[in-house]
Amino acid sequence: MRQLIWLRSDLRVHDNRALGAAMAAGPTLALYLPSPGQWRAHDDAACKVDFWLRNLTELSHSLARLGVPLLIRQVERWDEAPAAFARLCREQDIVQVHVNDEYGVHESRRDAAVEAELKAQGIGLQRHLDQLLFAPGSLLTRAGTCFQVFGQFRRACQQRLAGNLPAVAGLPAAQPQPGIAGDAVPAAVEGFAAPPESLRRLWPAGEEAAQRRLHEFAENRLAAYAEARDFPAEPGTSRLSPYLAAGVLSPRQCLHAALQAAGGDFDRPGVSAWLDELLWREFYKHVLVGYPRVSMGRAFLAETEALPWRDAPEELAAWQQGRTGFPLVDAAMRQLLASGWMHNRLRMVVAMFLTKNLLIDWRHGERWFMRHLIDGDLAANNGGWQWSASTGTDAVPYFRLFNPLAQSRKFDPDGRFIRQWLPELEGLDRRDIHAPAGLLRPAGYPPPIVELPFSRERALAAFKALPRRG
DNA sequence: GGCCGATTGCA
DNA sequence: GCAATCGGC
């Protein structure tokens, strides 16, 4: 008569609602299902899979201290999950399974299939709201539809949160050892190459490391966040996204840490700007549930499907590898390859460059990001790309396209970020580094692959030619 | 969450 | 003549 917690993107023991509920209900086992075929189909990055496994190793120790053995059962794809559950639940005398909800189309289908299989055996599946502050569908416009504009969504969230913050749950009390040995967490999964140690060191695994980072940020950087976050050479952002995406941190922990550091004052400088970012994360997951077509390769704005995206494999490759001849774009793309992460402003800059200046389909960029980001999250990544491409909910108006040189001069004025990632430009001063031309351009650095005024007009014309929505 | 060109206000 | 501001795209 045991409980089972099925761990997915909730790799922590603190403030884990499904774990807490399972352990409150009775003796508990934990399960993780590596599913490499599914991960490949989702373009999950090798560094992200490695991050999951490293966190899972830490988690298995924390679970062991709670008396909870972690079982590992590999399946190739999620359609094998129901059968794996049927076997395991028989073997281990499971009466109830607990999960924290996940929101993709495949995830929902998987959970429904597992639920049906369990039900046939008389076993319940308990779902918990955990990775979001608000359940999708619980925040709607007056018309009863999912929000399509962030500002309105944010207002609704803030009204709900005022004086009614979701609580952070502590650590569940340890249970007696059930006398079952946990499985060893694999060090790697076939098909996902181990990232270099230099990348791993940037993203230490485990709840302790995540909590240290959260509190260091909340106490030392949050106050300056609103100003510092736009400058990629500064340590201005929290760099917590990989931990949130893997569920090593909960949004409730983030919310409380920020408010605690601000003495409970939502209006303290930096606090509301950072909480907005938590709400963007929330917004795009709600959009994914409300408009599932966005996760199925479709633009949110149907009329933008008619855009004449260019088939330009060499320009796409230059963008991917950081060889566009635009230093800020190239530095950002190399940061992604080397560290599995990119500063948020630069995600907008490179996305706008690909979709507008090169007029290459946002889906190519979305896929490249997923294949390389350690924080890759379907909802946030898709939302960000469709925002940049002006095809999405609350997307940037198409005529508001960034000028990569202006962005470079504004947000990396001294060229420090560029120099960090493009050593070939080390010798250039702050005037010349943003657009090295003529004799100033080192032999190893490419000339710009596209002309800005021309490509800007080309993009504007393509959008103007679209039939009006309606 | 831009950009650009026109206009305005001030010297 | 210049910088700040504004409105259309």
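Below, read A as the first sequence line, B as the second, and so on, with proteins coming before strands; counting in each chain starts at 1. Remember, predicted model here, so these are calculated numbers, not experimental data. Because only heavy atoms are used, hydrogens play no part in the values below, and waters and symmetry mates are left out as well, while side chains stay in.
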Notebook entry, point to check: Should the pair F463(A) and Y398(A) be assigned to parallel (<30°), tilted (30 to 60°) or perpendicular (>60°) ring geometry?
Noted result: parallel
Notebook entry, point to check: Base, sugar-phosphate alone, or nothing: which one does Q407(A) contact when heavy atoms must sit under 4.0 Å apart?
Noted result: sugar-phosphate
Notebook entry, point to check: Could you give the CD-to-C1' distance, from E457(A) to dG2(B), as a whole number of Å?
Noted result: 14 Å
Check: Rounded to whole angstrom units, what separation is found between the NZ atom of K464(A) and the P atom of dG8(C)?
Finding: 15 Å
Margin query: Nearest whole Å is fine: how far is dC9(C) P from R456(A) CZ?
Written below: 13 Å
Item checked: From CA spacing to verdict: ring-ring contact (aromatic ring centres under 6.0 Å, His included), Y284(A), W387(A) -> CA-CA 11 Å; Y284(A) 282 134; W387(A) 182 87; 9.0 Å; no
Margin query: Just the rounded figure in Å: distance from P of dC3(B) to NZ of K356(A).
Written below: 12 Å
Check: Are side-chain heavy atoms of R8(A) and R110(A) found at a separation under 4.5 Å?
Finding: yes
Item checked: Protein-nucleotide distance (N357(A), atom CG; dG2(B), atom C1'), rounded to Å -> 13 Å
Next item on the list: Can you spot which of W203(A), F192(A), Y243(A) makes a ring pair (Phe, Tyr, Trp, His ring centres under 6.0 Å) with F51(A)?
Entry: Y243(A)
Margin query: Suppose we screen for side-chain contact (heavy atoms from CB on, under 4.5 Å). Which residues come up paired with Q152(A), at least two apart in sequence or across chains?
Written below: F147(A), V149(A), R155(A)
Check: So, is R345(A) close to the dG2(B) phosphate, meaning a side-chain N or O under 4.0 Å from OP1 or OP2?
Finding: yes
Checklist line | Flag side-chain contact, heavy atom, 4.5 Å: F369(A) against L336(A) | finding: yes
Notebook entry, point to check: For L401(A), which contact category applies under a 4.0 Å heavy-atom criterion: base, sugar-phosphate, or nothing?
Noted result: sugar-phosphate
Margin query: By the 4.0 Å heavy-atom rule, please label N403(A) as base, sugar-phosphate, or nothing.
Written below: sugar-phosphate
Next item on the list: Please list residues of residues 377-400 of chain A whose heavy atoms come under 4.0 Å from any atom in DNA chain B, ordered by number; otherwise none.
Entry: W387(A), F399(A), R400(A)
